[in-house]
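In listed order, ligands and their atoms are each counted from 1.
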Amino acid sequence: MSQVLVVDHPMVQDRLTAIRRVSTDSGAFRQHMSAVAAMLFYEAARILPVSKETIETPLQPMQAPVLKTGLVLVSVLRAGLGFLDGILPSLPTARVGYLGLARNPKTLAAESYYANLPKIIPEDQVFVLDPMLATGHTVIQALKQVEAAGARHIHLVTLLASPEGVANVQKEFPAVRIVTASIDTALNHKGYIVPGLGDAGDRLYGTLGH
Ligand code: URA
């Protein structure tokens with residue numbers, strides 16, 4: 001069964017509360033999303049393997065830790081972009097992929113409209129970024145595409161999850177580690193997480209009501 005890490009750090013939880021508030025406008029929503037993504041990724045990346053390299057400091061040589069493997073970030077459009085903004089600046093060597101997946105409002109099934117993944121080798125550590133793990137359909141489709149591209153070490157970084165979404169991912173991808181700020185109560189009949197934060201993409205990009 002995949003591990004689930006709920007990051008209960010007060011700074012993460014405070015940002016999440018700001019993001020949830022209906023009164024938070026798109027500009028503030030983007031800033032909070034970016035900040036919380038950096039903190040969640042920091043926790044998600046704690047398990048990254050390091051190796052030692054001999055370097056020269058101005059004073060003497062030393063054996064110093066460096067990240068051992070390649071890093072790949074895969075942003076699930078649209079809301080994953082709001083996450084990527086906060087993470088990418090601290091990862092100069094990461095390769096980045098994009099998966100466009102829209103959920104069919106009637107069936108809630110994930111439909112792919114765009115895919116652009118970098119070359120992935122089995123040693124790479126691959127982080128799939130999607131702030132919302134609702135039914136799990138979208139994330140499972142993304143995980144399938146990433147696995148088909150060669151990923152063997154896959155982590156899912158999400159802001160909010162539903163119990164159903166976590167269970168569905170665990171069933172299909174027991175080896176994928178899930179990092180989230182909260183597992184909320186449930187899904188409503190439209191597939192929204194409750195209490196949730198509404199539609200993450202719409203709130204990020206000011207497209208509510210379109
Ligand atoms: N996607 C969202 O943006 N919000 C939800 O609550 C569920 C899926």
Considering only N or O atoms, set out every pair between ligand 1 and the protein closer than 3.5 Å, with distances to one decimal place.
residue	atom	partner	partner atom	Å
ligand 1	3 (O)	A200	N	2.7
ligand 1	4 (N)	G198	O	2.8
ligand 1	6 (O)	I193	N	2.8

Output, in order, the C-alpha distance, side-chain angles, deciding distance and verdict of salt bridge (Lys or Arg N to Asp or Glu O under 4.0 Å) for R203 and D25.
-> CA-CA 7 Å; R203 293 197 62 195; D25 66 19; over 6 Å; no
Ring-ring centroid check Y114 Y98, cutoff 6.0 Å | no
Connected via hydrophobic side-chain network under 4.5 Å: L40 and L156 = no
Does N116 reach the main-chain N or O of G97 with its side chain, forming a donor-acceptor pair under 3.5 Å?
-> no
Find the distance between CG (L48) and NE2 (H153) and round it off to the nearest 0.5 Å.
-> 11.0 Å
Which atoms form the tightest heavy-atom contact between P163 and T185, and what is the distance?
-> CG-O, 3.4 Å
